[in-house]
Amino acid sequence: MLIADVLFFALGWNIRADLARQMATMIPAQGTVVEDVSRIANTNSGKRTFDDPVVKFCTANGEPIRFESTLGGNLPAFQAGEQGEVLYTLVNP
């Protein structure tokens with residue numbers, strides 16, 4: 001059991017380190033939720049409706065970007081007009 005615990009800890013640590021490296025290269029921008037989009041997904045407990053926020057922001061060079069986030073849930077977590085920081089990469093904003 002101890003070996004499995006160590007392996008899971010090492011795997012988690014590597015995932016955390018990779019995420020930290022990726023985030024260090026990302027560019028922050030101010031984003032605004034412009035709408036919520038409902039989607040139906042099959043889950044272990046049956047079909048459920050999720051509300052995902054659609055966010056709009058401008059890159060450092062002024063290019064407008066609009067994307068649907070996957071951070072929604074079965075209750076709307078964000079409302080239209082809410083603002084917050086988004087992180088993006090130059091290669092794929």
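Nothing here was measured: the structure is a model prediction, and the numbers come from that model.
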Side-chain heavy atoms under 4.5 angstrom apart, residues restricted to Ile, Leu, Val, Met, Phe, Trp, Tyr: same cluster for F67 and V34? no
Any side-chain heavy-atom pair of I27 and T89 under 4.5 Å: no
Are the side chains of Y88 and T59 in touch, meaning some heavy atoms are under 4.5 Å apart? yes
Output for pair (F57 CZ, E63 CD), nearest 0.5 Å, gives 8.5 Å
Are side-chain heavy atoms of K56 and I65 found at a separation under 4.5 Å? no
Please report the closest heavy-atom contact between C58 and A29, naming both atoms and the distance. O-CB, 3.8 Å
Strictly below 4.0 Å, N to O, side chains only: are E35 and R66 in salt-bridge contact? yes
For A41 and F50, work out which heavy atoms get closest and say how close. CB-CE1, 3.7 Å
Heavy-atom count around E85 CD within 6.0 Å, excluding the residue itself: above 12? yes
Considering all heavy atoms, the nearest T43-R48 contact: OG1-CD, 3.5 Å
Nearest 0.5 Å, please: how far is CG in L87 from CD in Q22? 11.5 Å
Separation between CG of D52 and CZ of R39, rounded to the nearest 0.5 Å: 4.0 Å
Could you walk me through whether S38 and D51 pass the side chain to side chain donor-acceptor pair (under 3.5 Å) test, one step at a time? CA-CA 4 Å; S38 293; D51 290 313; 2.6 Å; yes
Can you find a pair of side-chain heavy atoms, one from D36 and one from V54, that are under 4.5 Å apart? no
